[in-house]
Amino acid sequence: QLRLEESGGGLVQPGQSLRLSCKLSGFTLDDWNIAWVRQAPGKEREGVSCIPSRGSPTVYADSVRGRFTIARDDDKNAINLQMNSLRPEDTAVYFCTADPYFHCGELTRRRQWDDMDYWGKGTLVTVSS
């Protein structure tokens, strides 16, 4: 059974950091590209970052580039998202998602994500003073 499970969310103050983790089960980091997508209250889902299964570079949304870093953890079969210099506008539920036909180059062009096959349940990140 293919599963993704997020962890690491919480409440932090502006300027602080969090690291999210997406644990994969039933498939490996070499199989498919993995994306982090977030949904803020009352807003559409937004692609945040993507890491390819191999070869191509990582991709970031303009809103997080330079502050967030996505990376593989091969020992744990997980994808981490290091989030630094957090802002109130980063407040959202963060999901990891995968689909065999998804390419990281789509991340910033996508306006809907309903067709992605696999989703975690999400982890809430709240940035507030």
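- In this structure, the side-chain hydrogen bond (donor to acceptor under 3.5 Å, both in side chains) partners of R45, at least two apart in sequence or on a different chain, are D114.
- Pairs passing the salt bridge (Lys or Arg N to Asp or Glu O under 4.0 Å) check and including a residue from residues 55-73, sequence neighbours excluded, read D30-R72, D62-R65, R67-D90, R72-D74.
- Considering only heavy atoms from C-beta on, T58 comes within 4.5 Å of P52 through its side chain.
- The neighbour count for E44 CD, taken as heavy atoms of other residues, nucleotides or ligands under 6.0 Å away, does not exceed 12.
- Between T91 and A40, the shortest heavy-atom contact is O-CB, 3.5 Å.
- A heavy-atom distance below 4.5 Å is found between the side chains of S49 and L81.
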Validation: residues 118-129 side-chain donor-acceptor distances under 3.5 Å, sequence neighbours left out:
from, atom 1, to, atom 2, distance (Å)
W119, NE1, M116, O, 3.2
T123, OG1, G9, N, 3.0

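- Not counting sequence neighbours, N77 has no partner by the side-chain hydrogen bond (donor to acceptor under 3.5 Å, both in side chains) test.
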Pair S53-D31, side chain to side chain donor-acceptor pair (under 3.5 Å): steps then yes or no
CA-CA 6 Å; S53 56; D31 289 332; over 6 Å; no

Using the rule given for salt bridge (charged side-chain N to carboxylate O under 4.0 Å, His left out), can you reason through R38 versus E46, listing the C-alpha separation, both sets of side-chain angles and the distance that settles it, and then say yes or no?
CA-CA 5 Å; R38 67 186 180 187; E46 172 193 17; 2.8 Å; yes

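- One hydrophobic cluster, built from ILVMFWY side chains closer than 4.5 Å, holds both V37 and V59.
- Summarising the geometry of A61 relative to G47, their closest heavy-atom pair is CB-O, 3.4 Å, with the distance given to 0.1 Å.
- The list of ring-ring contact (aromatic ring centres under 6.0 Å, His included) pairs with a residue in residues 36-90, not counting sequence neighbours, is empty.
- Of all heavy-atom pairs spanning C22 and L4, the tightest one is SG-CD2, 3.6 Å.
- Looking at heavy atoms from C-beta onward, C50 lies in side-chain contact with N33 at the 4.5 angstrom threshold.
- One distance of note links CZ of R109 with NE2 of H103; it measures 10.0 Å at 0.5 Å rounding.
- No side-chain donor-acceptor contact under 3.5 Å links N80 and Q82.
- Contact between C96 and I34 at its shortest, heavy atoms only, is CB-CG2, 4.4 Å.
- Contact check for M83 versus L20: side-chain heavy atoms found under the 4.5 Å cut-off.
- S85 meets the side-chain hydrogen bond (donor to acceptor under 3.5 Å, both in side chains) test with no other residue; sequence neighbours excluded.
- Side-chain N or O atoms of R110 include one that pairs as donor or acceptor with a backbone N or O of Q112 at under 3.5 Å.
- Considering NZ of K23 and CD of E6, their distance stands at 13.0 Å, rounded to 0.5 Å.
- Atom CG of residue L86 and atom CD of residue E89 lie 10.0 Å apart, to the nearest 0.5 angstrom.
- In the hydrophobic clustering of ILVMFWY residues, with side-chain heavy atoms under 4.5 Å counting as a link, I70 and W32 come out together.
- W113 and V93 fall within the same hydrophobic cluster, defined by Ile, Leu, Val, Met, Phe, Trp and Tyr side-chain heavy atoms under 4.5 Å apart, directly or through other members.
- Linking Ile, Leu, Val, Met, Phe, Trp and Tyr residues whenever their side-chain heavy atoms come within less than 4.5 Å places Y94 and I51 in a single cluster.
- V64 and F95 fall into different hydrophobic clusters, where Ile, Leu, Val, Met, Phe, Trp and Tyr are joined by side-chain heavy atoms under 4.5 Å apart, directly or via other members.
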